[in-house]
> 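Okay, handing you the structure first.
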2 protein chains.
Amino acid sequence: MTDPADDFDLQDFLPYLLNQAAEATSRGFQAAYRDRYGFTRTQWRVMANLGKFGAMTARDICAISHIEKTKVSRAVAALEQAGLLSRAPSATDRRAELLSLTGQGRAVFAELGGLALAFDRQLRAVLGTEDAERLVSLLRRLAQAVPPGAGAED
Amino acid sequence: MTDPADDFDLQDFLPYLLNQAAEATSRGFQAAYRDRYGFTRTQWRVMANLGKFGAMTARDICAISHIEKTKVSRAVAALEQAGLLSRAPSATDRRAELLSLTGQGRAVFAELGGLALAFDRQLRAVLGTEDAERLVSLLRRLAQAVPPGAGAED
DNA sequence: AAGAACAAGTTGCATCTGCAACGAACTGGA
DNA sequence: TCCAGTTCGTTGCAGATGCAACTTGTTCTT
């Protein structure tokens, strides 16, 4: 039986390869914050966005980073609990809250952001500057071509 | 304060970009098996390996696909439960079991493998043949450069 | 040939996640 | 103004996962 599926090889399947690379690199960096603080990947990402862009609402974080709102909500709660983030009422919408890093939160972000930058440089060095840029461009094209379904991420 | 972390932007962070692309594409294909059968990504991958390579032990699946043994164990249990996979004692090691798809399992793999192939072609079409190949090569280089830590994946 | 070290799989537990449902607040049209 | 329809954010719940501990069987060392 000449089945079309006979031609299928998981090792050549793009979603699989992407996951492999994503997991390998994420894990590599995860070691940096996991051992030091007990962060979740989501928590780290929320912090990274607030660190980079300053105060914003949970909704903004969702929109920018394509993280599901449930995850953001829980990450925010955890970061607040840890004293790294604080909430303030939004001036324009009483449902929303303006989120921002506390002094301690900014300090942690400064440290982890530095580590992240170094880690990223290491990865790019593996590929070479030119190929690294190519990869970034290809990934963006792919992610954009497959619009985030209902949910978003992970 | 000129902090090194100020230069950090999550949107340019390779692990982040890889995750975005991986999630978007995985989700896209997940719709195919999720709605039809209730598969987990891991279950689908285990099945894909058995479908492609025939009978092997859980350990082999771990080695080939870099999936953690716990996940494989549970996926195998679920697939067996669903009647898609069967176990047979290994001739050479009484701890291990030879896993293989049942007739029904092969039928399901034939269907999903076909869908996967079609989905992959769609993705590659977005990038163009040449860039798709480039991407595959870059991803392999990256994954190889960052050896899977203790665990493995997801 | 016996015991220590090691490998294959499974399981308990704590955590993370997705989805759907929810309360509260906002918005637009009649 | 008032009500239907949306949106922000949180929570309940069921399922998936990682890690460590464990059972059983194998291999290595001496």
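Since this is a predicted model, take the numbers as computed values, not measurements. First the proteins, then the strands, lettered A, B, ... as listed; each starts at 1.
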> Whole Å only: how far is the CE atom of A/M56 from the C1' atom of D/dG9?
16 Å
> Drop me the distance from B/S65's OG to B/K52's NZ, to the nearest 0.5 angstrom.
15.0 Å
> Please give, in whole Å, the distance from D/dT10 P to A/Q81 CD?
14 Å
> Which nucleotide wins on minimum distance to the side chain of A/A58, given the candidates D/dG9, C/dG18, D/dC19?
D/dG9
> Rounded off to whole Å, could you give me the CZ-to-P distance for the A/R41 and C/dG18 pair?
11 Å
> Any side-chain N or O of A/T42 under 4.0 Å from OP1/OP2 of C/dT17?
yes
> Atom NZ of B/K69 and atom C1' of D/dC19: how far apart are they, to the nearest Å?
10 Å
> Given atom NZ of A/K71 and atom P of D/dT17, what is their separation to the nearest angstrom?
13 Å
> Pick base, sugar-phosphate or nothing for A/T70, based on heavy-atom distances below 4.0 Å to the nucleic acid.
base
> Starting from the 5' end of DNA chain D, give me the residue, A/R34 or A/E97, whose nearest nucleotide shows up first.
A/E97
> Nearest to the B/R95 side chain among C/dC26, C/dC19, D/dT24, which nucleotide is it?
D/dT24
> Using a cut-off of strictly less than 4.0 Å, decide whether B/R87 has a side-chain nitrogen or oxygen near OP1 or OP2 of C/dT10.
yes
> Is there a donor and acceptor pair, one atom on the side chain of B/R74 and one on the base of D/dG18, closer than 3.5 Å?
yes
> Rounded to the nearest Å, what distance is computed from the CG atom of residue B/L79 to the P atom of nucleotide C/dT10?
12 Å
> Looking across every strand, which nucleic acid part, if any, lies under 4.0 Å from A/S90 by heavy atom: base, sugar-phosphate, or nothing?
nothing
> If you measure from CG on A/L14 to CZ on B/F29, what distance do you get to the nearest 0.5 Å?
12.5 Å
> Can you check the B/Q30 CD to D/dG15 P distance for me, whole Å?
16 Å
> Check whether any side-chain heavy atom of B/E111 sits under 4.5 Å from a side-chain heavy atom of B/R36, and report yes or no.
yes
> List the residues meeting side-chain contact (heavy atoms from CB on, under 4.5 Å) with B/A78, not counting sequence neighbours, and say none if there are none.
B/Q43
> C/dG9 P sits how many Å from B/L85 CG, rounded?
12 Å
> Would you say a side-chain N or O of B/R94 is under 4.0 Å from OP1 or OP2 of D/dT24?
no
> With nearest nucleotides of DNA chain C determined for A/F39 and A/D93 from heavy-atom distances, which residue corresponds to the more 5′ nucleotide?
A/F39
> Using heavy-atom distances to pick each residue's nearest nucleotide on DNA chain C, tell me which of A/G38 and B/T57 is more 5'.
B/T57
> Just wondering, do B/L18 and A/S26 contact through their side chains at under 4.5 Å, heavy atoms?
no
